[in-house]
Protein chains: 2
Amino acid sequence: MASALNETADRTIARPSGLAEEVYRRVRADIMSLKIPPDTRVSVDSLARELGVSQTPIREALSMLEANGLVSKRHFAGYATSPRMDRAQLDELFEFRLLIEPHAARKAAEAMADTDMRQLASGDTAPSHDAFADMDTEFHRLIAQGAGNHLIADSLARLHIHVHIFRSCFRSEITEEAVHEHDAIIAAIHARDGDKAEAAMRRHIERSYGRLRDFIKD
Amino acid sequence: MASALNETADRTIARPSGLAEEVYRRVRADIMSLKIPPDTRVSVDSLARELGVSQTPIREALSMLEANGLVSKRHFAGYATSPRMDRAQLDELFEFRLLIEPHAARKAAEAMADTDMRQLASGDTAPSHDAFADMDTEFHRLIAQGAGNHLIADSLARLHIHVHIFRSCFRSEITEEAVHEHDAIIAAIHARDGDKAEAAMRRHIERSYGRLRDFIKD
DNA sequence: AGATCAAATATCCTATAGGATTTTCGAAAT
DNA sequence: ATTTCGAAAATCCTATAGGATATTTGATCT
């Protein structure tokens with residue numbers, strides 16, 4: 001029975017970090033891919049049977065997801081994925097991004113490591129939706145990491161998960177604009193031009209906000 | 001002594017929200033009061049016996065604390081409180097605060113509710129260390145809340161916990177300066193002067209950073 | 001005295017069982 | 001047809017037991 005468990009044996013890191021962590025990643029991936037849609041109940045028992053583990057690691061993983069705002073718990077009523085962002089939440093999220101990411105882009109332009117720089121430039125234009133979403137996530141993650149501040153990187157990673165979910169809900173199209181805006185940011189960082197990188201990132205986020213805002217009416 | 005702990009007992013919602021939440025608040029309070037010092041092992045079994053509950057809610061609470069950066073887990077080695085901040089982490093934290101809090105102060109000056117405004121003005125000068133720490137936390141929390149952005153409020157609340165712990169480690173003195181800086185911010189917000197509130201908050205954080213930085217040599 | 005190795009201890013991790021509560025489904029009454 | 005009430009089902013919450021692992025302690029050897 002133990003041999004049947006390692007469904008992720010090849011991907012699992014060498015030092016196993018516990019079942020709870022594994023469950024956490026798995027459920028988070030399911031939420032991000034909309035396999036578990038927003039505002040949907042998540043049963044501890046069902047997950048335990050589906051993943052073939054006990055309830056304890058499921059419960060730990062859900063507690064971590066709750067702390068990250070991906071699910072919410074009601075006493076004696078179980079867990080449920082957070083409902084899709086409404087207009088007010090979208091506004092708050094982009095207000096926050098506008099505070100952080102332009103600054104991160106500036107610092108990245110000034111101090112980003114060369115290895116990360118090369119990785120940033122290797123971003124290919126992605127044809128499919130999923131590939132574009134992954135590329136976009138990786139793009140912003142690299143810049144946040146380049147800023148050299150773990151708090152910034154962690155905060156943005158957490159926010160981008162919600163942006164990803166929101167965009168997936170509306171099957172947002174791949175716009176040429178976004179790719180061009182990314183290119184402008186990459187060019188500014190490559191040129192080590194902090195002012196230009198900050199301005200390009202600010203413009204990118206504002207345009208991105210305008211594109212996403214249209215999907216919401218309430 | 002248990003009765004002295006429920007600082008929010010009268011504010012707590014009538015419907016009990018589960019043992020895990022209760023354990024979470026309790027352990028977080030113990031960490032913030034240095035009853036559990038930084039870099040100290042936290043035994044699930046001991047906590048279960050001490051609090052008189054089973055291991056499951058303890059485990060859930062520790063998972064949430066881990067997601068908030070207050071404890072860390074090593075596989076098969078148990079939980080431990082995070083080590084005290086070093087110089088690099090302090091720098092990162094205040095860089096982050098400088099990005100967020102001045103903006104929050106500006107928005108609070110422009111749009112804070114009158115009820116919150118009155119509560120902000122009622123801050124008394126606190127004689128003891130603990131009372132000052134609580135007042136400081138409440139001061140910044142009210143401003144973050146006044147900005148009307150939950151993400152800002154939550155992020156700052158999380159950061160202020162670490163500031164609180166760091167300051168408690170060094171029994172930092174109560175400075176007249178900090179009180180005066182607070183008063184300047186309050187005055188600016190009262191006058192609905194966004195520019196002045198932002199500048200006053202920025203100066204307060206920079207001075208606060210200077211006061212705390214001296215305690216660290218490495 | 002200091003270092004090395006092995007046994008014992010403490011702890012974590014997982015699994016299962018029982019009690020408590022919410023939700024849901026169906027029937028009856030208005 | 002809609003609403004209300006009650007019982008069944010599903011689910012969560014808590015507690016306890018057993019296997020696995022890291023840490024510690026003590027004795028032995030150099």
Side-chain angles (χ1 to χ4, degrees), chain A residues 1-9 12-27 30-31 35-67 70-83, chain B residues 2 12-27 30-31 35-67 70-83:
Chain A
M1 151 214 165
S3 62
L5 265 205
N6 35 5
E7 73 281 0
T8 57
T12 306
I13 47 188
R15 170 190 63 197
S17 57
L19 283 187
E21 183 83 11
E22 209 65 33
V23 173
Y24 172 80
R25 293 170 192 253
R26 170 68 175 268
V27 176
D30 286 351
I31 293 176
K35 187 183 166 192
I36 306 177
D39 208 13
T40 303
R41 299 203 40 176
V42 178
S43 162
V44 173
D45 200 34
S46 303
L47 269 180
R49 277 195 301 271
E50 177 186 347
L51 301 183
V53 298
S54 180
Q55 290 186 358
T56 306
I58 304 286
R59 203 167 275 280
E60 289 182 21
L62 288 175
S63 293
M64 292 190 281
L65 289 168
E66 185 191 17
L70 287 167
V71 304
S72 59
K73 181 178 75 165
R74 276 186 351 197
H75 196 39
F76 284 121
Y79 291 89
T81 51
S82 301
Chain B
T12 306
I13 47 186
R15 164 191 69 201
S17 55
L19 284 187
E21 183 81 11
E22 209 65 33
V23 172
Y24 172 81
R25 293 169 191 253
R26 169 67 176 269
V27 175
D30 286 352
I31 294 177
K35 188 182 164 193
I36 305 177
D39 208 12
T40 302
R41 299 204 39 178
V42 178
S43 163
V44 173
D45 200 32
S46 303
L47 268 180
R49 275 195 303 268
E50 176 185 348
L51 301 182
V53 298
S54 179
Q55 292 185 357
T56 306
I58 305 285
R59 203 166 275 280
E60 289 181 19
L62 288 174
S63 293
M64 291 190 282
L65 289 168
E66 185 191 18
L70 288 166
V71 304
S72 58
K73 182 178 75 163
R74 277 187 350 197
H75 196 40
F76 284 120
Y79 291 89
T81 52
S82 301

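Here is how names work: the chains are called A, B, and so on, in the same order as the sequence lines, proteins then strands, and each is numbered from 1. Quick caveat, the model's predicted, so the values are computed rather than measured.
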Per-nucleotide protein contact string for nucleotides 18-23 of chain D (B base, S sugar-phosphate only, - none; heavy atom under 4.0 Å):
---SSS
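- Between the CG atom of B:L19 and the P atom of C:dT21 there is a distance of 13 Å, given to the nearest Å.
- Contact annotation: A:S43 side-chain N/O to D:dC12 OP1/OP2 distance is under 4.0 Å.
- Atom-to-atom, NZ of A:K73 to P of D:dC12 comes out at 11 Å; the value is rounded to the nearest Å.
- C:dC13 atom P lies 16 Å from atom CZ of A:R59, rounded to whole Å.
- Going from atom CG of A:D45 over to atom P of D:dT14 covers 16 Å, rounded to whole Å.
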side-chain contact (heavy atoms from CB on, under 4.5 Å) evaluation trace for A:I31 with A:V42:
CA-CA 10 Å; A:I31 293 176; A:V42 178; 5.9 Å; no
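- Salt bridge present: A:E21 and A:R25 bring a charged side-chain N and a carboxylate O closer than 4.0 Å.
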Please list every donor-acceptor pair under 3.5 Å in which a side-chain atom of residues 52-62 of chain A meets a protein atom from a residue at least two apart or in another chain.
| from | atom 1 | to | atom 2 | distance (Å) |
| --- | --- | --- | --- | --- |
| A:Q55 | NE2 | A:D45 | OD1 | 3.3 |
| A:R59 | NH1 | B:E60 | OE2 | 3.2 |
| A:E60 | OE2 | B:R59 | NH1 | 3.2 |

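- Rounded to whole angstrom, the span from the CD atom of A:Q55 across to the P atom of C:dT16 amounts to 10 Å.
- Residue A:S54 has its side chain nearest to C:dT16 when only C:dT16, C:dC12, D:dT14 are considered.
- For A:Y79, the listed nucleotide lying nearest its side chain is D:dC13; candidates were D:dC13, D:dT14, C:dC13.
- For the atom pair OH (B:Y79) and CD (B:E66), the distance works out to 5.5 Å, reported to the nearest 0.5 Å.
- Taken from CD1 in A:I36 to CG in A:L47, the straight-line distance is 6.0 Å, to the nearest 0.5 Å.
- For A:E60 and C:dA15, the CD to P distance is 12 Å, given to the nearest whole Å.
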Dump the intermediate steps for side-chain contact (heavy atoms from CB on, under 4.5 Å) on A:S63 and A:Y24, then the final yes or no.
CA-CA 9 Å; A:S63 293; A:Y24 172 80; over 6 Å; no
